Amino acid sequence: MDVQPVLDALAALAPDRPLILLGVGGHGGAGKSTLAGALPAREVVGTDEFWDGASFDLDRLERDVFEPLLAGRPAVYRSFDWEAQRPRADERRVEPSGLVVVEGVCALHRRFRDAYDLRVWVDAPPELRLERGVARDGEAARRRWVEIWMPMEDRYVTRDDPVSAADLVVDGSGEPP
C-alpha cells in the first residue's frame with residue numbers, strides 16, 4: 001500500500017493547525033487500519049470502538065469524539081470490547097492536537113464528512129477483503145462476513161456514497177507499508 005499520497009496531502013495542509021482530523025473509510029478488510037497505523041498520528045480512533053453490540057452508535061461517536069475535538073476539548077469515551085461483547089470499563093482520552101485519525105467502515109459517513117481536514121477511502125477487491133477478514137476473525141466468521149458484514153457495508157456504500165466524498169482513494173490491495 002502506497003501511503004505517500006496521504007502523507008503528501010497531509011503535508012499540504014496548514015502546518016500551524018493545532019488539530020488535523022483525517023477520516024479513513026473503506027470496506028472491512030480493505031486496509032484502513034493498516035493505512036492509519038502507517039501515518040504519524042497522535043491518536044487513531046476506530047469506528048469499531050463505537051459498536052454497541054447491534055450496530056454502530058454514530059450518535060455517540062459524534063457526541064463523544066467529534067463535538068469535543070472540534071471545540072478544542074479532549075474526547076473521552078469507552079470503547080467496545082469485541083471479545084467480551086460489552087463496553088470497556090476504562091475510558092479512552094484523545095487530546096485535540098496533532099494528527100487524529102478516525103478510521104472505519106463508516107468513518108466517512110455523511111454526518112462526519114465536514115469535520116475532516118482530509119478524507120481518504122481505502123479500496124480493495126471483495127475477495128481480498130474476505131480473505132483478510134477470515135484471517136483476522138477465524139474461519140468460523142466466514143459466513144458472518146459473507147451473509148451479514150459485506151452486504152451491510154455494500155448497502156451503506158450505495159446509500160451514503162462515501163467514495164465520492166473522499167479527497168483521495170488509496171489502493172489497499174498491496175502489501176502493508
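Values below: every heavy atom of this structure, side chains too, minus hydrogens, waters and symmetry copies. Counting begins at 1 with the first residue of the sequence. Note that this is a predicted model, so its numbers are computed, not measured.
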Side-chain contact test, heavy atoms from C-beta onward, threshold under 4.5 Å: evaluate it for Ser173 versus Pro125 and give yes or no. yes
Would you say Thr158's side chain and Arg155's backbone share a donor-acceptor pair under 3.5 angstrom? no
Gln4-Asp8 side chain donor-acceptor pair, cut-off 3.5 Å: yes
Under the salt bridge (Lys or Arg N to Asp or Glu O under 4.0 Å) rule, what do Arg93 and Glu95 come out as? Steps first, then yes or no, please. CA-CA 7 Å; Arg93 182 182 176 97; Glu95 295 297 329; 2.6 Å; yes
With no hydrogens and no angle check, just 3.5 Å: does a side-chain donor-acceptor pair link Asp57 and Trp51? no
Please evaluate residues Asp48 and Trp82 with respect to the criterion side chain to side chain contact (heavy atoms under 4.5 Å, CB included), reporting the C-alpha separation (whole Å), side-chain torsions for both, the decisive distance (0.1 Å), and the verdict. CA-CA 9 Å; Asp48 285 357; Trp82 282 78; 3.9 Å; yes
State, yes or no, whether a side-chain contact exists between Asp171 and Asp2 at a heavy-atom distance under 4.5 Å. no
Can you give me every donor-acceptor pair (side chain of residues 13-31, partner residue at least two apart or in another chain, under 3.5 Å) with its distance?
from: Arg17; atom 1: NH1; to: Asp117; atom 2: OD1; distance (Å): 2.3
from: His27; atom 1: NE2; to: Asp154; atom 2: OD1; distance (Å): 3.3

Indicate yes or no: at least one non-hydrogen side-chain atom of Leu35 is less than 4.5 angstrom from one of Val120. yes
Common cluster, Leu168/Met1, ILVMFWY with side-chain heavy-atom separation under 4.5 Å: yes
Is there a donor-acceptor pair closer than 3.5 Å between any side-chain N or O of Arg113 and the backbone N or O of Leu108? yes
Are Val102 and Val163 connected into the same hydrophobic cluster when the rule is that any two of I, L, V, M, F, W, Y join if their side-chain heavy atoms are below 4.5 Å apart? yes
Beyond-backbone contact of Val157 with Trp121, side-chain heavy atoms, under 4.5 angstrom: yes
Please determine whether residues Leu7 and Val122 belong to a single hydrophobic cluster, defined as Ile, Leu, Val, Met, Phe, Trp and Tyr linked transitively by side-chain heavy-atom distances below 4.5 Å. yes
Treat each ILVMFWY residue as a node, draw an edge where side-chain heavy atoms are under 4.5 Å apart, and state whether Leu128 and Val134 are in one component. no
Quick one, Val105 and Lys32 - any side-chain contact, counting heavy atoms below 4.5 Å? yes
Of all pairs that satisfy ring-ring contact (aromatic ring centres under 6.0 Å, His included), the ones with a partner from residues 1-21, not counting sequence neighbours: none
Assess whether side chain to side chain contact (heavy atoms under 4.5 Å, CB included) is satisfied between Arg142 and Leu130, documenting all intermediate values. CA-CA 8 Å; Arg142 179 180 297 277; Leu130 176 60; 3.7 Å; yes
Restricting to side-chain contact (heavy atoms from CB on, under 4.5 Å), what partner residues turn up for Glu147, sequence neighbours left out? Arg143
Mind checking whether Phe112 and His109 have parallel, tilted or perpendicular rings, split at 30° and 60°? tilted
I'd like to check the salt bridge (charged side-chain N to carboxylate O under 4.0 Å, His left out) partners of Glu103; sequence neighbours left out, ordered by chain and number. none
By side-chain contact (heavy atoms from CB on, under 4.5 Å), which residues pair with Arg159, not counting sequence neighbours? Tyr156
As a quick check of understanding, evaluate side chain to side chain contact (heavy atoms under 4.5 Å, CB included) for Arg60 and Phe50, giving each step before the final call. CA-CA 7 Å; Arg60 189 167 69 89; Phe50 292 85; 3.5 Å; yes
Stepwise, does the salt bridge (Lys or Arg N to Asp or Glu O under 4.0 Å) test hold for Arg86 with Asp81? CA-CA 5 Å; Arg86 65 174 183 264; Asp81 183 333; 5.9 Å; no
For Leu58 and Arg111, which heavy atoms make the closest approach, and how far apart are they? CB-NH1, 3.5 Å
Determine the minimum heavy-atom distance between Pro96 and Gly72, stating which atoms define it. CG-O, 3.3 Å
Contacts of type ring pair (Phe, Tyr, Trp, His ring centres under 6.0 Å), residue Tyr116, not counting sequence neighbours: Phe66
With sequence neighbours excluded, give me every salt bridge (charged side-chain N to carboxylate O under 4.0 Å, His left out) pair touching residues 118-130. Arg119-Asp167
Can you hop from Leu70 to Tyr77 via hydrophobic side chains spaced under 4.5 Å? yes
Tell me which donor-acceptor pairs under 3.5 Å the side chains of residues 40-47 have, and how far apart each pair is, sequence neighbours excluded?
from: Arg42; atom 1: NE; to: Ser97; atom 2: OG; distance (Å): 3.4
from: Glu43; atom 1: OE1; to: Arg92; atom 2: NH2; distance (Å): 2.8

Do Trp145 and Arg136 have side chains that approach each other closer than 4.5 Å (heavy atoms only, starting at C-beta)? yes
Would you list the pairs meeting side-chain hydrogen bond (donor to acceptor under 3.5 Å, both in side chains) in which at least one residue belongs to residues 63-75, sequence neighbours left out? none
Pro68 side chain near Val76 side chain, heavy-atom distance below 4.5 Å: no
Can you tell if the side chain of Val65 reaches within under 4.5 Å of the side chain of Val94, non-hydrogen atoms only? no
Asp114 atom CG: more than 12 heavy-atom contacts under 6.0 Å: no
Could you list the residues that satisfy side-chain hydrogen bond (donor to acceptor under 3.5 Å, both in side chains) with Asp52, not counting sequence neighbours? none
Residues at least two apart in sequence or cross-chain that pass side-chain hydrogen bond (donor to acceptor under 3.5 Å, both in side chains) with Arg110, listed by chain then number, are Asp160
Which pairs, with at least one residue in residues 83-102 and sequence neighbours excluded, count as a ring-ring contact (aromatic ring centres under 6.0 Å, His included)? none
